[in-house]
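Shown next, in structure tokens, is the structure this report addresses.
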Amino acid sequence: MFEKFEEEVKKRLQNAIGLDVDIPLSEPSEEFGDLSTTLCFELARRLRKNPKIIAEELAKKIKPENYIKEVKAVNGYINFYFSEKFAEDVIKTVKKLKGRYGSQEKKNIKVILEHTSANPDGPLHIGHGRNAIIGDSLARILKFSGYDVETQYYVNDMGRQLAVAVFGAKKFGINKDKKNDFAVAEAYVKANKFLEENPEYEKEIAKLMKEYEEGKKDVVKEFHTIADYCLKGIKETLKKINIFHDKFVFESEFVRNGLVYEVVERLKKTKYFEHNEVMQLNLKEFGIEKKLILTRSDGTFLYTTRDIAYHVWKSRNADVVIDIFGADHKLVAEQLKAALRILNEKVPDIIIYEFLTIEGMKMSTRKGRFISLDELIDESIKRAYEEVDKRRKDKDEKFKKSVAEKLGIGAIRFYIARVAPEKHMVFKFSEALDFEKHGLPFVQYAHARICRILEKIELSNDFSVESMDEYEKRLIKLVSKFPKIVNKAAEEKKPSLIANYLINLADAFHRFYMFDRVVGSEKEQFRANLLYSTKIVLANALNLLGIEPLEEM
RNA sequence: GGGCUCGUAGCUCAGCUUGGACAGAGCGACGGCCUUCUAAGCCGUAGGUCGCGGGUUCAAAUCCCGCCGGGCCCGCCA
């Protein structure tokens, strides 16, 4: 809706100057209105006139009507204020569209979005969590924006890790008392330790890998059993945080179906291909000094080679390919893009997120040194329960547990989604699970408070807006901006925009709540309708982050 | 050493793509606000050379160059 206001301002400015120029619009701080243009500074140069005077002349030419309530020229800026009619239309639009407000029509563009893709050698830790949360939120945002999104989890079943886990499971067994993924991790850690102490067993690992690549029946079965076993545990964890993948794609598929051979054959015919002891690609032309090795000297393929095949497959099955990778994959990502460019396939859009460290400690599944997502989730729910228990003595156990679970899990998603991916995060329990203002409870509390108010009022479509105070205006403006924010989040692939928007919206609401009474007020219907719209937007935005809005807390 | 990336209040972040009006929040500190829709809230005070130095511009946190500091990568691992 906000864009309608912008369009109108632009159109009216265009008419006023009578020149076909691009009109820069920006949102000034509140005291200067709702929209502002610096157009006059540019015109000043061209016309050799004082910008102040140009602004005043232009402002006079624009009559306030429809969505524009007021036009003011100040020091060369022209500032615009939106009208009560705009407010009414915003509310009506939200009421009409409800859950679809902010969404877009189907675009008929197929997107394959790969995220999480953790090795099946143990449970997900917080780092994987960042990947999964960014990926899942983005998938939701893109779907909402009209894209046809399929999420995929790429299972690295051909790497050394899984071979070591298989070796460990055979040698030490699988602890059936533990959750699947933790049991596999236990075998994996034991095996690593064993191999360090008995390096002569390394050749066993190499043999397993070779046999798996060759498709030796019983070995294939062993690998799949362990991978599936571990994945079952991983899926349970993902389910807890409301994440589901449409497809799990095994790396080995691309060896079995021959695509990786086909890809290598195609690469051989290009000028980038070199064959010394091993096959490799020279990517100097793409600004990459490091050569991309395609095969080992024993002829087996490397991870990146199979990943190229996977991406060729994705390229054929989608219009847009998106990957979420950790910062350690920066170089691989560039190599991958270059290889796909050479093959004339769709180049993936790769979102790189920086690592999460925990008080300076770097996580390693191999050494069994990590904080698992499961532990984090449990801890978060526990802390949330303590809070609910403290504040809602009047409620029964069932209520407290339910709220604690939703709040605890959502808080993790929110904490991680809020920060831009390129930012290195130092994970601190005290902050992630502290129910501070920038966290989820602040947002959920706004939603719950609105629900309480609306219970007491019968909403009518027959309301009018006579005037607006600063709190009402702030809310209207934010509500009207939601579609624009979603659009931006989808285009720039930044879920963090949604989270930060939610903080702003909740903040605007809480301030409104403090100063503007709804029930029994002269403006009861307008305000109730405004809050109803706010509630819808809060819920829609929370859903984009995979968080269920709370009716009560 | 090379490549990529980040550097905004004591701490965690927003703003940077499309340069504009005194740089915004939260946490922490201090001081206030519950007879009225849940105080998981609100208001106020203190706290900033936007890493440093140049450049472009009427205008730079934002664009360009250099430097410094942190992170990641530079394996016939994944």
Side-chain angles (χ1 to χ4, degrees), chain A residues 22 24-26 28-29 31-32 36-38 41-42 44-45 51 74-77 79 117 119 121 156 158-162 251 277-280 287-290 293-304 306-307 326-334 352 354-355 357 362 384 387-388 390-392 394 407 415 418-420 422-426 428 430-432 434-446 448-457 488 491-492 496-497 499-500 503-504 506-507 509-521 527-528 531 552-553:
Chain A
D22 214 30
L25 285 181
S26 61
S29 58
E31 49 179 315
F32 296 115
S36 174
T37 184
T38 54
F41 295 101
E42 280 173 45
R45 287 187 86 177
V74 185
N75 287 328
Y77 297 87
N79 301 328
S117 301
N119 291 335
D121 57 10
N156 297 313
M158 298 202 85
R160 196 188 121 84
Q161 281 93 332
L162 186 58
E251 191 182 8
E277 314 87 77
V278 294
M279 299 185 209
Q280 58 190 31
I288 303 168
E289 289 298 317
K290 193 78 208 148
I293 313 287
L294 296 166
T295 58
R296 299 191 182 89
S297 41
D298 68 354
T300 56
F301 299 112
L302 277 96
Y303 159 84
T304 319
R306 295 185 292 265
D307 211 14
D328 53 339
H329 282 59
K330 276 179 196 166
L331 179 60
V332 176
E334 287 314 307
I352 303 278
E354 279 295 334
F355 277 152
T357 43
K362 202 188 155 193
E387 289 298 314
V388 183
K390 200 162 67 194
R391 297 165 201 271
R392 301 304 302 267
D394 55 317
L407 215 46
Y415 174 73
R418 216 187 77 210
V419 180
E422 65 272 18
K423 226 94 170 181
H424 178 254
M425 284 179 96
V426 177
K428 289 184 188 146
S430 58
E431 268 162 26
D434 191 17
F435 294 80
E436 39 140 350
K437 232 181 150 186
H438 268 355
L440 181 68
F442 182 71
V443 177
Q444 291 284 25
Y445 190 47
R449 273 179 150 180
I450 293 175
C451 290
R452 281 302 73 65
I453 294 171
L454 294 178
E455 270 171 8
K456 300 179 174 67
I457 296 167
K488 200 176 171 194
E491 240 166 61
E492 297 178 13
S496 61
L497 295 179
N500 285 300
I503 290 169
N504 291 335
D507 182 66
F509 164 75
H510 285 304
R511 278 200 268 172
F512 165 92
Y513 183 90
M514 202 58 200
F515 297 102
D516 288 349
R517 175 103 194 150
V518 181
V519 180
S521 129
R527 287 181 175 166
L531 290 196
E552 191 180 359
M553 63 185 267

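Convention: sequence-line order gives letters A, B, ...; per-chain numbering from 1.
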Side chains of A/R517 and A/S521: is there a donor and an acceptor less than 3.5 Å apart?
no
Check every strand shown and say whether A/N504 touches a base, only sugar-phosphate, or nothing at a heavy-atom separation below 4.0 Å.
nothing
Given the structure, check if the side chain of A/N79 and the base of B/A21 hold any donor-acceptor pair shorter than 3.5 Å.
yes
Assign A/E492 to base, sugar-phosphate, or nothing according to its heavy-atom contacts below 4.0 angstrom with the strands shown.
base
Using atom P in both nucleotides, what's the gap between B/G55 and B/A60 to the nearest angstrom?
12 Å
Classify the nucleic acid contact of A/R527 as base, sugar-phosphate or nothing, counting any heavy atom under 4.0 Å across all strands shown.
nothing
Separation of B/C16 atom P from A/E422 atom CD, nearest Å, is 11 Å
Does any nucleotide pair with B/A23 by Watson-Crick or G-U wobble geometry, both distances under 3.5 Å, and what is it?
none
Using a strict 4.0 Å threshold on nitrogen-to-oxygen distance, state whether A/E387 and A/K390 make a salt bridge.
yes
Using a 4.0 Å heavy-atom cut-off across all strands, classify A/L25 as base, sugar-phosphate, or nothing.
nothing
Could you tell me how far apart A/M158 (CE) and B/C77 (P) are, to the nearest whole angstrom?
14 Å
Tell which nucleotide pairs with B/G48, taking only Watson-Crick or G-U wobble pairs whose two distances are both under 3.5 angstrom.
none
When both distances are under 3.5 Å in a Watson-Crick or G-U wobble arrangement, the nucleotide paired with B/G69 is B/C6
Would you measure the distance from the C1' atom in B/U8 across to the matching atom in B/U49 and give it in whole Å?
12 Å
Atom-pair distance (OH on A/Y303; P on B/G75), nearest Å:
16 Å
Let's go through A/E354 and A/K330 carefully: what are the C-alpha distance in whole Å and the side-chain angles of both, what is the deciding distance for salt bridge (charged side-chain N to carboxylate O under 4.0 Å, His left out) to 0.1 Å, and is it a yes or a no?
CA-CA 10 Å; A/E354 279 295 334; A/K330 276 179 196 166; 3.1 Å; yes
Between A/F442 and A/H510, what is the ring plane arrangement, given parallel below 30°, perpendicular above 60°, and tilted in between?
tilted
Whole-Å distance, A/Y415 OH to B/C13 P, equals 7 Å
Pairwise P distance for B/C65 and B/G48, with rounding to whole Å
31 Å
Provide the distance between the two C1' atoms, one in B/U17 and one in B/C11, to the nearest whole Å.
28 Å
If you go through the side-chain atoms of A/S36, does one of them form a donor-acceptor pair with the base of B/A21 closer than 3.5 Å?
yes
Identify, with sequence neighbours excluded, every residue that meets ring pair (Phe, Tyr, Trp, His ring centres under 6.0 Å) alongside A/F515.
A/Y471
Please measure how far the P atom in B/G3 lies from the corresponding atom in B/U45, and state the result in whole Å.
48 Å
Between B/G26 and B/G41 - C1' atom distance, rounded Å:
14 Å
Could you pick out which residue, A/K290 or A/H438, lies toward the 5' side of RNA chain B when each is mapped onto its nearest nucleotide?
A/H438
Strictly below 4.0 Å, N to O, side chains only: are A/E552 and A/R392 in salt-bridge contact?
yes
Under 6.0 Å from the ring centre and within 45 degrees of the ring axis: does the NZ or CZ of A/R296 meet both conditions for the six-membered ring of A/F301?
no
Between P on B/C77 and CG on A/D121, what's the gap in Å once rounded to a whole number?
17 Å
Syn/anti state for B/C74 [syn: chi within 90° of 0]:
anti
Roughly how many Å is it from CZ in A/F41 to P in B/A60, rounded to a whole number?
13 Å
Note: for A/E251 and A/F32 on RNA chain B, the residue whose nearest nucleotide lies more 5' is A/F32
Can you see if the side chain of A/R306 gets near the phosphate of B/C77 - specifically, an N or O under 4.0 Å from OP1 or OP2?
no
Counting distance only, does the side-chain N/O of A/Q161 pair as donor-acceptor with the main-chain N or O of A/D121 below 3.5 Å?
no
Atom CD of A/E289 and atom P of B/G2: how far apart are they, to the nearest Å?
12 Å
Suppose you measure atom C1' in B/G19 against the same atom in B/C13; what distance do you get, rounded to whole Å?
23 Å
Give the intermediate values and the outcome of side chain to side chain contact (heavy atoms under 4.5 Å, CB included) for residues A/T295 and A/T300.
CA-CA 6 Å; A/T295 58; A/T300 56; over 6 Å; no
Taking atom types as they are modelled, is there a donor-acceptor pair under 3.5 Å from the base of B/U17 to the side chain of A/K488?
yes
Applying side chain to side chain contact (heavy atoms under 4.5 Å, CB included) to A/I453 and A/V519, what does each step give before you reach the verdict?
CA-CA 7 Å; A/I453 294 171; A/V519 180; 4.3 Å; yes
With sugar-phosphate meaning primed atoms plus P, OP1 and OP2, does A/N75 contact a base, only sugar-phosphate, or nothing at under 4.0 Å between heavy atoms?
nothing
Quick one: does A/T295 reach the base of B/C76 with a side-chain donor-acceptor pair under 3.5 Å?
no
Checking contacts here: which listed nucleotide (B/A78, B/A14, B/G71) is nearest the side-chain heavy atoms of A/N119?
B/A78
Tell me which nucleotide among B/C73, B/A14, B/U5 gets nearest to the side chain of A/D328.
B/C73
Can you check the A/E277 CD to B/C76 P distance for me, whole Å?
10 Å
B/G7 phosphate, OP1 or OP2, under 4.0 Å from A/K423 side-chain N/O
yes
Reading nucleotides 31-41 of chain B from 5' to 3' and marking B where a protein heavy atom lies under 4.0 Å of the base, S where only the sugar-phosphate is that close, and - otherwise, the string is -----SBBSBB
I'd like the C1' distance from B/U62 over to B/G24, given in whole Å.
15 Å
